[in-house]
Amino acid sequence: MTQNNKFYESVEEVAPGRTFLDSSELVINMGPQHPSTHGVLRVILKLDGEKVLGLDCVIGYLHRGVEKIAENRTWAQFNPYVDRLDYVAAVSNGLGYCLAVEKLLAVEVPKRAQYLRVILTELNRLASHQVWLGTHVLDIGAVTPLFYAFRDRELILEVFEKYCGARLTTHAFRIGGCRWDAYEGFAEEVRKTCDFIVPKIAEYGELITGNRIWVERTKGVGVLSGDDCKALGVTGPMLRGAGVRWDVRKAQPYSSYDDFEFDIPIGAAGDTFDRYMVRLEEMRQSIRIIRQAVDGLPEGPLMAKVPKMLKPPAGEVYQNIEAPKGELGYYVVSDGGPQPYRVRVRPPSFINLQALEKMVKGQLVADVVAVIGTLDIVLGEVDR
Amino acid sequence: MKQALFGYLQSKVTPGEAGDMLWATIYVLLVFAGVALAVLFMNWFERKVMAHMQVRMGPMRVGPHGLLQPIADALKLLLKEDVMPEKSDKLVFWFAPVAVCMTAFTAMLVVPFGRAHAITDMNIGVVFMLGVSSLSVLSIMMAGWSSNSHYPLLGGLRAGAQMVSYEIAMGLAVVSAVMLTSMSTGTGSLSMMEIVNQQFQQGRWFAFSFFPLGFIGFVVFAIAMVAETNRAPFDLPEAESELVAGYMTEYSGFRWSLFFLSEYTAMIAVSSIAVTLWLGGWLRPFPNLLSGHRWDLAFSWGPAFVALATAALCFFYVIKMSSIRAMRLNRLGLAALAAVLGALGLLMLLPPVASRIQDIFWFSIKVAGFMYLYVWYRTTFPRYRFDQLMKIGWKVLLPVSLGVVVLTALVGVRHELLPLVWRVR
């Protein structure tokens with residue numbers, strides 16, 4: 001890999017024959033095979049002892065060219081590909097893409113399908129936050145909560161499996177609505193899952209929130225103010241943790257989110273602890289939404305009238321949704337043909353990752369892993 | 001010949017003191033084998049306890065309930081390719097795991113397992129143990145430096161700073177306990193045997209002497225020893241989410257297993273210091289509350305009771321286990337274990353055997369308690385950051401242990417100060 005930046009040059013390159021032992025600065029590679037970079041992120045750190053002088057992220061190890069693939073598939077064929085972006089929250093990705101194409105086609109999705117979409121997306125938010133919680137806490141050194149979080153996530157994945165046959169890359173929605181109706185006993189099972197998870201969220205809190213070491217490791221670590229967030233384009237729980245009340249579900253409601261009552265939790269200090277609290281509260285709010293949607297699930301058709309071969313009129317739209325990791329946007333351009341002219345994804349993980357250097361500069365190595373954890377990145381989405 | 005073999009059994013002192021070289025050698029071998037076995041068992045125990053705390057099963061396949069898993073692991077490690085990084089400092093890289101093992105096992109020399117059960121009894125036992133076990137920091141730094149790699153270097157640096165700073169608090173806590181040995185006779189002792197004998201004569205464990213003082217000293221030591229052995233939540237030198245594996249990153253196979261062995265041996269060693277100094281070493285629990293010959297006899301059946309109970313448990317599982325063909329070997333193995341444990345338990349009911357075994361039993365039980373605590377910490381706590389670790393060491397533990405030393409000295413000299421501090425007796 002060629003790097004023109006002086007920053008990467010270690011002592012070995014500047015002065016041949018000398019090693020890093022001769023210098024007080026240490027350039028180390030964290031990743032792409034490091035245990036806590038959540039996949040294949042490579043972070044080049046410049047350290048003075050334990051202090052981080054600067055860092056640079058090298059991404060692209062998981063690049064599959066998803067956006068380019070879109071140009072060679074039909075509108076419907078591309079739908080399963082978006083599940084592979086943020087594979088922890090595949091349902092949200094699918095929802096975003098379907099909404100974008102529906103906006104282009106100017107179709108109104110039936111109410112029942114909209115409610116089903118909300119239920120599944122919010123369940124997915126829970127699952128995604130559980131993965132975040134487990135891995136984030138594991139990075140900071142507590143091994144146990146990971147197993148608790150994954151155990152509870154299993155119930156949600158079972159709902160997905162029963163609904164559409166897949167657990168991870170679900171391909172749950174179709175352009176124009178939903179392919180499948182709620183299976184028999186769907187409502188009861190979703191209610192049961194909610195009832196099971198509510199006390200579990202309290203349990204995570206008991207295990208972690210009150211723990212002194214956890215508080216010391218997260219309070220004041222990786223501080224990002226609301227203005228910084230706005231300047232960097234950081235969205236989602238990161239933005240709300242900094243005290244900015246911005247949630248696409250409230251600000252630009254889609255898929256009937258304006259029918260439901262829920263709060264937007266915000267933090268104050270914008271540090272890792274606040275973001276942790278925001279995400280925990282978000283899980284509770286998601287359960288609130290799911291309960292309302294299940295109770296009010298209307299009868300009716302599942303699919304809007306869309307032709308078999310989709311040919312949206314020429315034009316371009318931007319559709320954003322509130323994915324678990326932040327604002328997920330699809331900028332879709334059609335030339336009137338059966339294939340997209342261009343699909344551009346605005347991936348929240350990729351944009352949130354830009355804040356990494358600002359958050360850890362001047363802090364310690366141990367904080368780097370804590371901050372990567374709190375960014376809640378998925379490399380499939382960063383690299384696309 | 002017979003005289004030489006059995007002559008020692010009547011002796012009331014350790015073989016080292018008695019100058020009995022034959023028995024000293026036997027003891028060295030016994031201690032070495034015993035500790036190595038204990039480490040193997042500890043490996044299984046840690047994985048099982050962690051697994052059950054984390055709602056999973058842990059090793060289940062090799063042997064009944066995975067009992068033989070550590071042996072399989074050890075075999076695998078022995079058979080692995082011996083990798084040495086090309087640019088490492090070969091000699092130091094080779095010597096580091098040997099040195100760390102040497103220091104860890106040398107510390108076991110003076111551990112008093114019972115009234116006459118120790119390899120030897122030095123008059124500077126505690127100091128010897130602290131000194132030798134703190135040498136292990138050298139080999140860890142050697143390992144970190146000689147790997148010629150970034151993560152091990154950082155791990156070695158962390159280990160060096162951490163172990164040196166926690167040693168001070170640890171040493172001061174030990175001083176406070178050693179001062180207590182002079183309470184009844186006026187002359188104190190650093191000998192491990194004598195420290196336990198003093199607790200026997202004073203009729204209470206030092207953790208309960210001058211009530212809050214002894215206990216605070218004990219707690220300081222119990223915290224410092226976790227940091228000293230690089231275990232969670234102070235496992236920064238090998239923090240896997242930050243430094244991959246710290247100073248052990250470049251090690252694999254047998255060399256790595258030596259580090260593993262010495263880490264657990266060091267845990268056993270520091271736990272035995274804590275048990276000897278504060279928890280009465282080999283003494284049975286409740287010396288005051290339940291005193292008298294009958295209670296002595298009842299407590300001497302402790303090991304027999306535990307062996308029989310374990311045998312009964314094993315037997316129960318033999319019955320409960322499914323009778324499919326694939327499990328036949330497992331069932332047979334577990335049944336054999338139950339039979340052996342049962343026979344041993346019955347043997348230990350005999351008074352002469354019981355009186356010889358019980359010291360070792362009580363000592364091991366107390367050390368095992370600490371081992372359980374180590375596992376419990378590891379599953380419960382997140383990891384401290386380096387600066388926070390240093391803050392705790394220098395700003396909390398050091399002043400507290402200093403205060404304990406000063407107060408213990410004051411109370412020990414001026415007994416009229418005693419009512420100030422809550423008294424047990």
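Sequence lines set the chain letters: A, B, ... in the order given, protein chains first and strands last, and positions in each chain run from 1.
To the nearest 0.5 Å, the span separating CE on Met50(B) from CZ on Phe147(A) amounts to 7.0 Å. The NE2 atom of His150(B) lies 11.0 Å from the CG atom of Leu45(A); values are rounded to the nearest 0.5 Å.
Heavy atoms of Asp387(B) lying under 4.5 Å from chain A belong to its backbone as well as its side chain. At a 4.5 Å heavy-atom cutoff, the contact between Val369(A) and chain B is made by side-chain atoms alone. With a 4.5 angstrom heavy-atom cutoff, Leu364(A) touches chain B only via side-chain atoms. The contact between Arg378(B) and chain A is made entirely by backbone atoms, counting heavy-atom distances below 4.5 Å. With a threshold of 4.5 angstrom between heavy atoms, Val137(A) does not approach chain B through any atom at all.
Within a 6.0 Å sphere centred on NZ of Lys200(A), heavy atoms belonging to other residues, nucleotides or ligands number more than 12. Heavy atoms of other residues, nucleotides or ligands lying less than 6.0 angstrom from CE of Met84(B) number more than 12. Heavy atoms of other residues, nucleotides or ligands lying less than 6.0 angstrom from CZ of Arg61(B) number 12 at most. Heavy-atom contacts from other residues, nucleotides or ligands closer than 6.0 Å to CZ of Phe45(B) number more than 12. No more than 12 heavy-atom neighbours from other residues, nucleotides or ligands sit within 6.0 angstrom of CZ on Phe254(B).
Closest approach of Tyr151(B) and Met30(A) over heavy atoms only: OH-CA, 3.3 Å. Listed here is the closest heavy atom pair of Met53(B) and Thr144(A): O-CG2, 3.8 Å. Nearest heavy atoms, Arg385(B) versus Ala366(A): CG-CB, 3.6 Å.
Residues of residues 85-100 of chain B placed with any heavy atom under 4.5 Å of a heavy atom in chain A are absent; none qualify. Contact annotation for residues 205-218 of chain A against chain B (heavy-atom separation below 4.5 Å, listed by residue number): Asn211(A), Ile213(A), Trp214(A), Glu216(A), Arg217(A).
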